[in-house]
Amino acid sequence: MAPTSAACRSCHLPIRDVVDNQRGARSRSNRRVLTRLWGIPIYGGILAWCLLQLPTAAVFVVPAVVVGFVLHVLRGRPYLGALAFLVIVVVAPALFWPSIATEALDELTSRL
């Protein structure tokens with residue numbers, strides 16, 4: 001493809017379209033990299049906040065951060081990473097609510 005030619009020899013598109021397409025591909029690639037990089041401070045911040053503020057929740061948050069980080073940063077699936085994080089942090093503890101409630105009720109009745 002010569003810069004002075006009117007069309008690309010391999011695809012027969014106008015040179016302007018070929019150059020615009022190459023620029024668009026670079027900007028999409030840059031957005032993908034930025035999206036992946038944002039996962040590092042997001043999941044790092046969640047982990048740090050949890051360890052400082054709610055260390056007892058680390059049992060659920062640490063595995064969720066690992067799964068979310070792998071899916072978001074390493075695999076490039078930010079929405080799937082966020083969904084997996086939420087499922088692990090919200091749904092998994094919800095499975096233990098009956099036993100937590102029973103223990104709390106036991107403790108309350110033993111004081112009376």
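The residues of the chain are indexed from 1 along the displayed sequence. Side chains included, hydrogens not; waters and symmetry mates left out as well; all remaining heavy atoms used.
Linking ILVMFWY side-chain heavy atoms closer than 4.5 Å, directly or via other members, places Ile42 and Leu80 in two distinct hydrophobic clusters. Using a 4.5 Å cut-off between side-chain heavy atoms of Ile, Leu, Val, Met, Phe, Trp and Tyr, with links allowed through other members, Val33 and Leu74 fall into the same hydrophobic cluster. Trp49 and Val61 fall into different hydrophobic clusters, defined by Ile, Leu, Val, Met, Phe, Trp and Tyr side-chain heavy atoms under 4.5 Å apart, directly or through other members. Follow the hydrophobic side-chain contacts under 4.5 Å out from Leu86 and you reach Trp38 in the same cluster.
Here Leu34 contributes atom CG and Arg32 contributes atom CZ; the two are 12.5 Å apart, rounded to the nearest 0.5 Å. To the nearest 0.5 Å, atom CD1 of residue Ile88 and atom CZ of residue Phe60 are 10.5 Å apart. We find the CG-CG distance between Leu108 and Asp106 to be 9.5 Å, quoted to the nearest 0.5 Å. To the nearest 0.5 Å, atom CG of residue Leu51 and atom CD1 of residue Ile46 are 12.0 Å apart.
Proximity of Leu71 to Tyr79: side-chain heavy atoms (C-beta onward) are nowhere separated by under 4.5 Å. Annotation: side chain of Ile40 is in contact with side chain of Phe69 (closest heavy-atom distance under 4.5 Å). The shortest side-chain heavy-atom distance between Phe85 and Tyr43 falls under the 4.5 Å cut-off.
The shortest non-hydrogen separation linking Phe96 to Ala92 is CD1-O, 3.3 Å. The shortest heavy-atom contact between Ala64 and Val89 is CB-CG2, 3.5 Å. The shortest non-hydrogen separation linking Cys50 to Ala57 is SG-C, 4.0 Å.
Atom CZ of Arg77 has 12 or fewer neighbouring heavy atoms from other residues, nucleotides or ligands inside a 6.0 Å radius.
Distance alone, capped at 3.5 Å, places no donor-acceptor pair between the His72 side chain and the Val67 backbone.
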